[in-house]
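First the structure, in the form of structure tokens, and then the observations on it.
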Amino acid sequence: MKYLNKIILFSVISGWVLTGCYDGVVDNLKSNSTMEHATDSVSSISTAAGLLITAQELLIDKREHKYQYQFNLHMDNYCGYMCLPHNFQGRIKSTYVINDDFASGPKANMTWVAQQVVPVMASAKTLKAEPLGAIANILYSYEAHLYSGVHGPFPYNDYKVLKEEHPLTYNSVEDIYDSIFLDLQRDIDILFEYKKNPDAELDRTISSMDKIAGGKVDNWIKFANSLRLRMAMNMVKAAPDKAQRIAEEAIKSGVLEASDNDIALDVYKLYLDRHPLFKISSNWVDSRLNANLHNILKRTGHPMLEEFFSKNSADIYDISGRKVLDTNSDYLSMRNGSLTEDPNTSPTYLSFSKLSTNFSQKPLEIFKVSEVYFLRAEGALRGWAMGGTPEHFYNEGVRTSFKEFGFSDKYDQYIVSESVISADYRDYYDLRNNAEGVMNVCNKWSNNDSKEVMLEKIITQKWIALFPMSAVAWADMRRTGYPHMIAPVKGSFADGDGSIDPLVGILRIPYAVGGDSENKADIETSAIPVLNGPDQQSTRLWWDTCLLYTSDAADE
């Protein structure tokens, strides 16, 4: 473990973290009760605080290239937020091509977070700083639940003791969820107990190292409970009774509310001049508005389109070379699966809508308050004790999301809309990609709607509110089938691994094996048996139950 200790020490001293994925550094799932067996530890509270600062900045990576690998080159596209406008030097010719290098980002951030927090968890009791250990485990749990939604099973227990040696044991998604729930309850208990007899010096440490929750222990408790609520909803169809019990316990214990700030990284406090996705989209040429976000924003009349995106940056010529649109004429987007080429030879999509400067200073969101309201709306719709009605929480979710985006003055007009604005998708470059809009629920809540329509409204508005949190939005899509999406370009699924059902779409990212034979052996002997399916894009995760597309995709 000497090599790993050097990594940890260097990251604390310089604030720098390895830019490559350190395979095997943390591969499995154990509860906090196993932390006394971890061999890496820290000797001072100040060192522990430094590790926690770095860990927070790795949950949602502030570095543009790393953010691109963590979210933008895959999940941003799958969930319908953004799209790839060129082929990345031939490595991704359309949305569903899996590139092992690009797909390694989620694993890299999972291992980097573990490198920082595991020593804190291992040392918290010795340092008499159990609250820091609880905070460390909340950070680990957050990243682990996101990562389990990418590939499925992973070595949660081994990662949690920084095990390096193969073989590594992969844990099932269900077991990972169970372990996270147990650990989060323990973390919450520790923090509640600490509040009864706080320590002034430790309070100062918590305040100084806290980059996401305002320096308040109460906010870490609410963050942990909100995470329990999100995870409970993820598994609502896989384990409904357990999901209800955990969700109701989280509400009783206390979740994020309107009076709280989002759990987020402030770009100013990170000494950044912009959100990484803004730079990827606007300063680089690597991401453009997705047809689904574009169409749903138009059909709902949501102000995000005009506030956060720019119109075409150049004259548009269609595939035959005919000029069809002047510069700065309209908002243009790309349909998933659109074939792209080298930007030097086929630059048309590069002129489509990118993020505007209005988005550039938005925080790196980890957990939005608006999401909690939508989760409570869904829970109440299912008959759970959420502390209010579906209508109340739905309206508060939309209201809070408008506040988070900076659109509060537009909420009153938006929420009363009883019709869907007629809008279809048009690809000005290639008219063969044109498609009808398929989202058909209005913004205004009606208790006369069926429960299924109510659920669709909740998830559709939640999907908009989550932007740009693609990992969370993609999970909701897979478990509910909402919002209704325009099917990808016909034939584009063939660019994947050959397993994707056109009615369903991509359901997971296969494991990135590369040339590591030991890693490949672990996947074959340990991951596949608990994945309950082949290592393919079409294999459903434990909680995944729904179709994503309508029958117009069936003739692909």
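Below, each value reflects all heavy atoms present in this structure, side chains not excepted, and no hydrogens, waters or symmetry copies. Keep in mind that this is a model prediction, so the values were computed, not measured.
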Using the benzene-type ring in the case of Trp, are the ring centres of [X] and [Y] under 6.0 Å apart?
{"X": "Tyr414", "Y": "His302", "result": "yes"}
{"X": "Phe352", "Y": "Tyr429", "result": "no"}
{"X": "Trp284", "Y": "His65", "result": "yes"}
{"X": "His145", "Y": "Phe181", "result": "no"}
{"X": "Phe359", "Y": "His275", "result": "yes"}
{"X": "Tyr411", "Y": "Phe407", "result": "no"}
{"X": "Phe102", "Y": "Tyr69", "result": "yes"}

Seminar exercise, completed: Result for ring pair (Phe, Tyr, Trp, His ring centres under 6.0 Å) between Tyr147 and one of Phe71, Phe154, Tyr142 points to Phe154
Distance check, rounded to the nearest 0.5 Å: [X] atom [atom1] versus [Y] atom [atom2]?
{"X": "Asn336", "Y": "Met485", "atom1": "CG", "atom2": "CE", "value": "8.0 Å"}
{"X": "His86", "Y": "Leu84", "atom1": "NE2", "atom2": "CG", "value": "8.0 Å"}
{"X": "Met231", "Y": "Ser148", "atom1": "CE", "atom2": "OG", "value": "6.5 Å"}
{"X": "Asn77", "Y": "Thr95", "atom1": "CG", "atom2": "OG1", "value": "5.0 Å"}
{"X": "Asn234", "Y": "Asp476", "atom1": "CG", "atom2": "CG", "value": "6.5 Å"}
{"X": "Ile528", "Y": "Thr539", "atom1": "CD1", "atom2": "OG1", "value": "7.5 Å"}

For this session: Start with the C-alpha gap between Tyr170 and Tyr511, add the side-chain angles, then the distance that decides, and say whether ring-ring contact (aromatic ring centres under 6.0 Å, His included) holds.
Result: CA-CA 12 Å; Tyr170 282 66; Tyr511 294 106; 5.6 Å; yes
How close do [X] and [Y] get, heavy atom to heavy atom, and via which atoms?
{"X": "Met82", "Y": "Asn290", "result": "O-ND2, 2.9 Å"}
{"X": "Lys354", "Y": "Ser281", "result": "CB-OG, 3.2 Å"}
{"X": "Pro468", "Y": "Leu277", "result": "CB-CD2, 3.7 Å"}
{"X": "Cys546", "Y": "Arg540", "result": "O-NH1, 3.2 Å"}

For this session: Hey, can you tell me if Phe467 and Phe309 have their rings parallel, tilted or perpendicular (30° and 60° cut-offs)?
Result: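 Ring orientation of Phe467 relative to Phe309: tilted.
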For this session: For the pair Tyr177 and Trp542, name the ring-plane relationship: parallel under 30°, tilted 30 to 60°, perpendicular over 60°.
Result: perpendicular
Problem set entry | Arg335 bridged to Asp427 by N-O distance under 4.0 Å |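 Between Asp427 and Arg335 there is no salt bridge, as every charged N stays at least 4.0 Å from the carboxylate O atoms.
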Exercise. Taking 4.0 angstrom as the limit, do Glu378 and Arg479 come out as a salt bridge?
Worked result: yes
Problem set entry | CA sep, side-chain torsions, deciding dist, call: Ser141, Asp183, side-chain hydrogen bond (donor to acceptor under 3.5 Å, both in side chains) | CA-CA 8 Å; Ser141 297; Asp183 284 352; 5.4 Å; no
For this session: Identify the residue among Asn99, Leu73, Val97 that makes a side chain to side chain contact (heavy atoms under 4.5 Å, CB included) with Phe88.
Result: Leu73
Problem set entry | Pair Ser370-Ser401, side-chain donor/acceptor within less than 3.5 Å |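 Per modelled atom types, Ser370 and Ser401 side chains form no pair under 3.5 Å.
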Exercise. NZ of Lys403: more than 12 outside heavy atoms within 6.0 angstrom?
Worked result: no
Exercise. Hey, are the side chains of Glu64 and Asn283 touching, using non-hydrogen atoms and a 4.5 Å cut-off?
Worked result: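 Glu64 vs Asn283: side chains apart.
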Problem set entry | Results of ring pair (Phe, Tyr, Trp, His ring centres under 6.0 Å) for His74 - residues two or more places apart only | none
Problem set entry | Steps toward salt bridge (Lys or Arg N to Asp or Glu O under 4.0 Å) verdict (Glu396, Arg376) | CA-CA 10 Å; Glu396 285 304 304; Arg376 296 178 78 171; over 6 Å; no
Problem set entry | Any residue meeting salt bridge (Lys or Arg N to Asp or Glu O under 4.0 Å) with Lys93, in chain and number order, not counting sequence neighbours | Asp495
